[in-house]
Number of protein chains: 2
Amino acid sequence: MPKKLYSDIYDTLKQEINKQVYQPRNTLPGEEELASRFDVTRNTVRRALKELQSDGLVYAVKGRGVVVLEPIRDDRVIFQAENKEGFEALRNFPQNKFIQRLATDVLTFEEVEIDEELEKLTSFNSGDIAYYIERLRLFDGKALAVDNSYFRKNLLGDMNREDAENSIYEYIRENSLFKIAAERSTTTVESATKRDLQVLDVGDMNCVGALTKFVYTDTGRLFEHTQTRYVPNHFSMVDFKSF
Amino acid sequence: MPKKLYSDIYDTLKQEINKQVYQPRNTLPGEEELASRFDVTRNTVRRALKELQSDGLVYAVKGRGVVVLEPIRDDRVIFQAENKEGFEALRNFPQNKFIQRLATDVLTFEEVEIDEELEKLTSFNSGDIAYYIERLRLFDGKALAVDNSYFRKNLLGDMNREDAENSIYEYIRENSLFKIAAERSTTTVESATKRDLQVLDVGDMNCVGALTKFVYTDTGRLFEHTQTRYVPNHFSMVDFKSF
DNA sequence: GAGTGGTCTAGACCACGGT
DNA sequence: CCGTGGTCTAGACCACTCC
């Protein structure tokens with residue numbers, strides 16, 4: 001029962017590329033031809049193709065056609081699911097073989113008032129009340145990451161430590177507080193702090209990866225600032241750009 | 001002289017957002033209204049809006065409108081331009097204050113045949129001939145990054161060390177060999193290798209950031225594999241996702 | 001119910017690549 | 001030249017949010 005035509009077409013073509021019906025370095029059938037095959041307009045086909053392109057599966061060349069790109073192998077992908085729902089989502093990620101080997105430990109749960117220093121860090125407004133939550137992420141019992149999160153309290157309402165132990169996004173959904181609209185993140189490598197050495201199993205390493213994330217609600221309000229600090233050699237993030 | 005309507009609209013709206021004509025947490029005028037203002041169809045306006053959204057400037061909510069997101073401040077952005085054209089492009093990046101403090105040193109330039117081990121690393125085909133180029137990236141005389149690159153020779157033709165010392169993308173353009181279509185990259189943090197310690201000014205650090213990049217031509221052929229290894233605390237990469 | 005963005009159609013013309 | 005993808009128009013109907 002097709003609800004969105006373009007997304008059905010996207011799924012179909014994606015499968016066919018995976019099954020090598022269309023092979024790397026060959027072109028897909030023309031947009032016109034695909035349009036008549038799926039019995040839709042060219043525009044709708046184009047939309048599906050655009051999605052495939054932003055996945056990094058194909059690339060369109062004017063005058064030549066839509067080219068299937070050669071695939072890449074990568075093993076260590078974990079962080080790829082580190083979108084939107086945070087670490088907790090990794091456990092439910094279908095393609096994730098690591099389910100049940102992940103665990104979370106809430107180290108700190110407290111309310112803080114945003115002062116000037118925190119304002120710079122979080123981009124929250126000075127004077128706001130925020131929850132500060134420090135969560136340790138365990139993989140096979142090893143402490144591989146810490147999340148340092150600030151959530152605006154006036155958007156979350158009264159929350160307790162148990163809510164933080166489960167998925168906070170679950171909590172938001174259940175109480176239907178608001179919707180997540182978007183997130184901006186920056187990735188860096190930094191020296192390990194004393195706290196990092198205390199809580200993380202960094203071994204001999206003296207630095208960590210840092211993923212700093214700002215999350216917005218659908219009214220355009222910044223409501224979460226999280227910095228995930230993770231030990232080297234265990235995470236990777238993937239990206240695709242087309243020109 | 002407007003060539004692409006949607007991109008003019010995009011530019012105009014972007015400016016107006018920066019000038020706070022439309023302020024954070026407020027909505028833009030409706031799509032219909034914008035369409036009549038710019039004298040185009042709603043579709044064309046939507047296209048411009050979509051671009052603004054993928055920049056992370058606005059977010060569209062069905063039934064409410066297009067919301068302007070609160071901005072984020074980030075200083076250390078260098079790697080943001082690390083798209084497509086590689087390190088050399090940073091020097092020409094207009095918003096980059098670091099021009100002329102960057103330099104490149106070609107450490108290694110040689111031809112190699114892809115064996116099984118290199119096939120795994122680069123995704124090139126076994127038996128191919130490739131240029132292996134190791135370039136040191138200096139900032140104020142400090143060695144902050146090394147690029148380990150493989151380029152398929154049959155796509156590049158005969159290239160010499162001087163070409164590598166300048167921008168290789170420049171070389172491709174000048175000889176109009178082909179066009180760059182897309183790139184896939186993965187970001188990780190890894191233990192520093194002996195080579196890293198040898199060539200990079202890592203100081204006390206014993207790990208590095210690694211950006212592994214696969215670059216495709218417009219015929220869908222993989223032609224470059226580059227791993228950039230960089231010292232901590234000097235680089236950041238930004239990303240935006242909307243849901 | 002009025003207004004918003006989301007999806008889709010059925011056309012048109014253009015720029016580009018390959019013959 | 002023909003076929004490709006890129007841009008754009010002028011409509012339509014739907015789903016959603018807010019009052």
Side-chain angles (χ1 to χ4, degrees), chain A residues 1-11 13 22 25-54 57-69 176-182 217-221 242-243, chain B residues 1-11 13 22 25-54 57-69 176-182 217-221 242-243:
Chain A
M1 186 127 324
K3 275 187 180 174
K4 288 179 204 164
L5 296 181
Y6 74 88
S7 128
D8 287 347
I9 297 170
Y10 165 83
D11 289 337
L13 291 177
Y22 306 115
R25 298 173 44 185
N26 292 344
T27 67
L28 258 43
E31 297 180 347
E32 206 72 68
E33 192 179 331
L34 288 173
S36 74
R37 170 183 164 195
F38 291 107
D39 202 35
V40 295
T41 352
R42 226 186 103 208
N43 268 335
T44 306
V45 168
R46 280 178 63 70
R47 183 144 180 197
L49 290 176
K50 203 169 185 187
E51 211 129 303
L52 286 173
Q53 176 156 339
S54 71
L57 293 175
V58 302
Y59 185 73
V61 191
K62 195 190 311 196
R64 189 180 301 130
V66 177
V67 182
V68 180
L69 293 175
S176 55
L177 296 173
F178 50 81
K179 283 184 185 168
I180 303 302
T217 71
D218 60 356
T219 55
R221 303 193 68 177
S242 51
F243 307 111
Chain B
M1 188 137 314
K3 275 186 180 172
K4 289 179 201 159
L5 296 181
Y6 74 88
S7 130
D8 287 347
I9 297 170
Y10 164 83
D11 289 336
L13 291 177
Y22 307 115
R25 297 173 46 188
N26 292 344
T27 69
L28 258 42
E31 296 182 347
E32 206 72 68
E33 191 178 333
L34 288 174
S36 75
R37 169 181 164 194
F38 291 106
D39 202 34
V40 295
T41 351
R42 224 185 104 206
N43 268 335
T44 306
V45 167
R46 281 179 62 70
R47 186 146 180 198
L49 291 175
K50 203 170 187 186
E51 211 128 304
L52 286 172
Q53 176 156 341
S54 70
L57 292 175
V58 302
Y59 184 75
V61 192
K62 197 190 312 198
R64 188 178 303 131
V66 177
V67 182
V68 180
L69 294 175
S176 55
L177 297 171
F178 49 81
K179 284 184 185 168
I180 304 302
T217 71
D218 60 355
T219 57
R221 305 193 66 178
S242 52
F243 308 111

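Computed from a predicted structure; not experimentally measured. Atoms considered below: every heavy atom in the structure, side chains included; atoms not considered: hydrogens, waters and symmetry mates. Chain naming here is simple, since letters A, B, ... match the order of the sequence lines and numbering starts at 1 in each.
- Between A:T41 and the phosphate of C:dG11, there is no side-chain N or O to OP1/OP2 separation shorter than 4.0 Å.
- Comparing D:dG6, C:dG17, D:dC8 by their closest approach to the side chain of A:N43 singles out D:dC8.
- B:E31 places its CD atom 8 Å from the C1' atom of C:dG6, with the value rounded to the nearest Å.
- At D:dT7, one or more side-chain N or O atoms of B:Y6 fall inside 4.0 Å of OP1 or OP2 (strictly under the cut-off).
- Among the candidates B:D8, B:L5, B:L34, the single residue satisfying the side chain to side chain contact (heavy atoms under 4.5 Å, CB included) test with B:T44 is B:L5.
- Between the P atom of C:dG11 and the CD atom of A:E32 lies a distance of 11 Å, rounded to the nearest Å.
- If you check every strand for non-hydrogen atoms under 4.0 Å, A:R47 touches sugar and phosphate atoms only.
- Distance A:I9 CD1 to C:dT7 P: 13 Å, rounded to the nearest Å.
- Between the CG atom of A:L34 and the C1' atom of D:dG3 there is a distance of 14 Å, given to the nearest Å.
- Toward the 5′ end of DNA chain D lies the nearest nucleotide of A:P29, the other residue of the pair A:P29 and B:V40 mapping further downstream.
- In this structure, the CG atom of B:D8 is 13 Å from the P atom of D:dT7, given to the nearest Å.
- Comparing D:dC18, C:dG18, D:dC8 against the side chain of A:R64 picks out C:dG18 as the nearest.
- Of the listed nucleotides (D:dG5, D:dC8, C:dT9), C:dT9 has the atom at the smallest distance from the side chain of A:L5.
- One atom, CZ of A:R46, and another, P of C:dG11, lie 18 Å apart when rounded to the nearest Å.
- In this structure the side chain of B:L13 reaches within 4.5 angstrom of the side chain of B:Y22, judged on heavy atoms.
- Counting distance only, with no hydrogens placed and no angle test, the side-chain atoms of A:R42 and the base atoms of D:dG6 include a donor-acceptor pair under 3.5 Å.
- Within the 4.5 Å cutoff, no side-chain heavy atoms of B:N26 are placed close to those of B:V68.
- Among C:dG18, C:dC8, C:dG5, the nucleotide with an atom closest to any side-chain atom of B:K62 is C:dG5.
- Close to C:dT9, at under 4.0 Å from its OP1 or OP2, lies a side-chain N or O of A:T44.
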